[in-house]
Amino acid sequence: AVITANSQYYRFGNISGPMIDIDDDGTDDFLASIYYFPTSGSYQRGYGLVFSGDDLGGGLDTGDQDHSFTLGSGDASWVSDAGDFDGDGSADIIIGSPLDDEYSSSGYKGNSGNVALFLGGFSDETYDNNDADEEVHGDSSNDWFGYRVLMVDLNDDGYDDILATSPYNDDVSNQGGAIYGFLGSA
């Protein structure tokens, strides 16, 4: 089977694994990301797409996803992963958008990046920033927080933990980078 992008400039092709049942329908699913999504506005938004393993029998395109997760005010949801962050038995999804911009009362941080956690029980077809259960932005402009994300139980407590990279973080040295860890819990 082949899944192709149904529009130009999608840069579709980042996938995460292993496959798990994200929507609790009894069939393993997988996550794929669109790096760049052209919109009619002045910015781009990325997508994390969920495809069912049942769908791999024929030709598909990016419009055939079971669920989509839109994140970011800058280029794209580069990477995504799934696990069980809160230990409830349902798959949760983490999406990184490293070129996301943050607008807050403390000012504008361009390309600070963003990581969003969506806790399981996915019944809707589309989700966006407003549906995220948790969101964390990079410390400073141009940190690219969320460049890579991973969910894995690092401390063997039964809860998947989150690792998120920030390759251009300047906290210690100029573009020295950082990896952030967030421990899962109920």
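Residue numbers start at 1 and run along the sequence shown.
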Undergrad: For F118, check ring-ring contact (aromatic ring centres under 6.0 Å, His included) against everything at least two apart and list the hits.
TA: F69
Undergrad: Please check this pair: side chain of N169 against backbone of A178, looking for a donor-acceptor N/O pair closer than 3.5 Å.
TA: no
Undergrad: Which pairs of donor and acceptor atoms, one on a side chain in residues 152-165, lie under 3.5 Å apart (sequence neighbours left out)?
TA:
unit_1: D153; atom_1: OD1; unit_2: D156; atom_2: N; d: 3.0
unit_1: D153; atom_1: OD1; unit_2: D157; atom_2: N; d: 3.3
unit_1: D153; atom_1: OD2; unit_2: D157; atom_2: N; d: 3.3
unit_1: D153; atom_1: OD2; unit_2: G158; atom_2: N; d: 2.9
unit_1: D157; atom_1: OD1; unit_2: Y159; atom_2: N; d: 3.0
unit_1: D160; atom_1: OD1; unit_2: D153; atom_2: N; d: 3.1
unit_1: D160; atom_1: OD2; unit_2: D84; atom_2: N; d: 2.7
unit_1: D161; atom_1: OD1; unit_2: G184; atom_2: N; d: 2.8
unit_1: D161; atom_1: OD2; unit_2: L154; atom_2: N; d: 2.8
unit_1: T165; atom_1: OG1; unit_2: R148; atom_2: N; d: 3.0

Undergrad: S106: which residues meet the side-chain contact (heavy atoms from CB on, under 4.5 Å) condition with it, sequence neighbours left out?
TA: S104
Undergrad: Is it true that N111 and Y168 share a donor-acceptor pair across their side chains at a distance under 3.5 Å?
TA: no
Undergrad: Under the side-chain contact (heavy atoms from CB on, under 4.5 Å) test, which residues partner V136, sequence neighbours left out?
TA: F145, F182
Undergrad: Check side chain to side chain donor-acceptor pair (under 3.5 Å) between D86 and all other residues, then give those that pass, not counting sequence neighbours.
TA: none
Undergrad: Just to verify, what does Q175 make a side chain to side chain donor-acceptor pair (under 3.5 Å) with, not counting sequence neighbours?
TA: none
Undergrad: Looking at residues at least two apart in the chain, or sitting in another chain, which of them share a ring-ring contact (aromatic ring centres under 6.0 Å, His included) with F30?
TA: F51
Undergrad: Of all residues at least two apart in sequence or in a different chain, which pass the side-chain contact (heavy atoms from CB on, under 4.5 Å) check with S140?
TA: D143
Undergrad: Who passes side chain to side chain donor-acceptor pair (under 3.5 Å) against D28, sequence neighbours left out?
TA: none
Undergrad: Hey, could you give me each pair passing salt bridge (charged side-chain N to carboxylate O under 4.0 Å, His left out) that has a residue in residues 108-120? Not counting sequence neighbours.
TA: E102-K109
Undergrad: Atom CD in E135, atom CG in N130: separation rounded to 0.5 Å?
TA: 8.0 Å
Undergrad: Would you please name every residue forming a side chain to side chain donor-acceptor pair (under 3.5 Å) with D131, sequence neighbours left out?
TA: none
Undergrad: Could you pull out all residues at least two apart from T27 that satisfy side-chain contact (heavy atoms from CB on, under 4.5 Å)?
TA: D25, S52, D54
